[in-house]
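Residue numbers start from 1 in every chain, and the chains themselves are labelled A, B, ... in the order their sequence lines are given, proteins ahead of strands. Bear in mind the structure is a predicted one, so any value in this text is a computation, not a measurement. For the numbers below, each heavy atom of this structure counts, side chains included, while hydrogens, waters and symmetry mates do not.
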Protein chains: 2
Amino acid sequence: MYRIGEFSTISRVPVSALRYYGDRGLLPPDSIDPDTGYRYYAVTQLPRLNRILALKDLGLSLDEITAILNDELSAAELRGMLRLKQAEISQLVTEEQARLSRVENRLRLIESEGMMPSHDVVLKEMEPQRVVSLREVLADPRDVGTMIGDGYAALMPAGIMPIAPCFSVYHDPEFKPTELDVEVAFPVATQLEAVPDTPGGRSFVQRSIPGGKAAVIIHDGPYDTLHESYAAIGNWISDNELRIAGPAQEAYLIAPDDPGGPITEIRLPVA
Amino acid sequence: MYRIGEFSTISRVPVSALRYYGDRGLLPPDSIDPDTGYRYYAVTQLPRLNRILALKDLGLSLDEITAILNDELSAAELRGMLRLKQAEISQLVTEEQARLSRVENRLRLIESEGMMPSHDVVLKEMEPQRVVSLREVLADPRDVGTMIGDGYAALMPAGIMPIAPCFSVYHDPEFKPTELDVEVAFPVATQLEAVPDTPGGRSFVQRSIPGGKAAVIIHDGPYDTLHESYAAIGNWISDNELRIAGPAQEAYLIAPDDPGGPITEIRLPVA
DNA sequence: TATGCAGTCTCTAGCTACTTGAGAGTCAAG
DNA sequence: CTTGACTCTCAAGTAGCTAGAGACTGCATA
């Protein structure tokens, strides 16, 4: 019988951890002196302790290990648990590798430009959004602004308030400066009975914009530098070995007539 | 100006996280209503929030991010921090890959044998140990027992108490059943003035056994099944893509004359 | 004007697997 | 009997939030 310090030396497990395992019921001491409370361990407990350490090394939690050691699991459940853990770890490895390449890219950016990039791309989870929208093929990209104005001019008098900033969706698979298939969307809370046509004679469609992951960047500046943010988001996506999985969106968080200039969020669905 | 809920919708960051970042000084609200305590955020805070998220995605802690955002770091420090993070992540990836292969091996073992292996190999950190030891080339492996007895017979009367179980070190690079170069070591607390020779005429050497990582297994059974544990430890080492980095040790935790039979710990230094 | 309800506030606790430390008691040797 | 090493219990700390309790605010409707 060993006292906890000796058992710690033999097993090379810290005293505090042994006490913790004992209190959790994972490795109760062989006996406890009822007068002094001293814990006494037997060498025969080493296999159990080593099993605890080995299972912990597989990434199992102490609760899971407790269940395994107390024989509460069938062989099938055990296999299932391990296969689950296997999937978890391989996902973790993939994620960490992606993180690693993000760090490497950031380092490369800093070394080449001497500073941090001015704005950052982040991956966000988008909720599906119910919208009323106008869609049109435009000759001039700047007409998007008039479409938005036209849309508001129809919605406001009808008492329809967008619940989030309006945004545009660019449906062209590649960029076409002369024939731009663009949708202007106004998020709404629920399906609406009727939506009036716009003063400009456009008709609204009600639909749901699907959710999912999107690479997002805030563009804080005039529209004629939007391409820089698109370049940043494009680089980020290829760096992270993702691919574009839907049409780009631009959300107009602050309108261009604001004294501070417009602020735009570019979103690119990815998978 | 947006209330926290709206800002949460726009940024797709949970309200609780925004409050937390505010309290940490990482992203204080643009203003706080002194009467109600309501937090108000501006769209212009989105770039900072996105930078926080992007840096978090690189694996930086909020403290580190605070330092970066408050411009407390030189470009060199920033590069250093990222390079450190890079090293950390690639080590993490390596570790998780090793863990993954451990899980896969465990699964394979379970599927082939229908159960968990009876004993477990674990990786432990060994402290360097000061010992007094006897070393000899033996014709018969079973003579190790007499060497141990001989050693104790010299040490006990001289008042030298080993501070840990004695163990043997097998110095042969490969196994030789007829000419076994074996060292029997007794751990001691400090360098000793003098150690008497044994009744059997052997002379002690004082030395330090180096520490480091070792693969360890508890063998709970008679010595003639030791090879099974050696096989298990050998498999484990190759599974984990480690290599043997020193002579094997066998620690005699419980002597073979105990009614429960001997318990032995096999240690194989690895790198 | 009253009521309701969604939103917000602060504060506390919980999550994992321990580690650290305080304050008190125990053991063996000299 | 003292000393020093060891052990005990209990509480708090770790990271980055999340969840919940109980109270207050703001806006819309009856």
Does D:dC17 have OP1 or OP2 sitting under 4.0 Å from an N or O in the side chain of B:Y21? yes
Any B:K56 side-chain N or O less than 4.0 Å from OP1/OP2 of D:dA15: no
B:I65 has an atom CD1; how far is it from atom P of D:dA15, in whole Å? 13 Å
Could you tell me how far apart B:L27 (CG) and D:dG16 (C1') are, to the nearest whole angstrom? 15 Å
Could you state the CZ-P distance from A:R19 to D:dC6, rounded to the nearest angstrom? 13 Å
Rounded distance (Å) that lies between atom C1' of D:dC8 and atom OH of A:Y20: 19 Å
Salt-bridge contact A:E265-B:R12 (side-chain N to carboxylate O under 4.0 Å): yes
Pick the nucleotide of DNA chain D nearest each of B:R24 and B:R3; which residue has the one closer to the 5' end? B:R24
Contacts to DNA chain D from residues 33-51 of chain B, heavy-atom cutoff under 4.0 Å, which residues? B:T36, B:Y38
With the threshold set at 4.0 Å, does a side-chain nitrogen-carboxylate oxygen contact exist between A:R106 and B:D57? no
Short question: side chain of A:N240, backbone of A:L242 - any donor-acceptor pair under 3.5 Å? no
Applying ring pair (Phe, Tyr, Trp, His ring centres under 6.0 Å), name anything that partners B:Y41, two or more places apart in sequence or on another chain. B:F7
Main chain of B:G59, side chain of B:K85: is a donor-acceptor contact present, judged purely on distance under 3.5 Å? yes
Is a side-chain donor or acceptor of A:E96 paired with a backbone partner of B:Q91 at a separation under 3.5 angstrom? no
Let me know the distance between CG of A:D63 and P of C:dC18, rounded to the nearest Å. 12 Å
Mind calculating the distance between CG (B:D23) and P (C:dT8) to the nearest angstrom? 15 Å
A side-chain contact here means heavy atoms from C-beta on lying under 4.5 Å apart; do A:Y40 and A:D30 qualify? no
Taking CG from B:D57 and C1' from D:dG16, how many angstroms apart are they, rounded to a whole number? 14 Å
Which whole-number value in Å describes the distance from B:L55 CG to D:dA15 C1'? 17 Å
Between the side chain of B:T66 and the main-chain N/O of B:L62, is any donor-acceptor distance below 3.5 Å? yes
Are the side chain of B:T264 and the backbone N or O of B:Y252 linked by a donor-acceptor pair below 3.5 Å? no
For residues 9-17 of chain B, which residues have at least one heavy atom under 4.0 Å from DNA chain D? B:P14, B:S16, B:A17
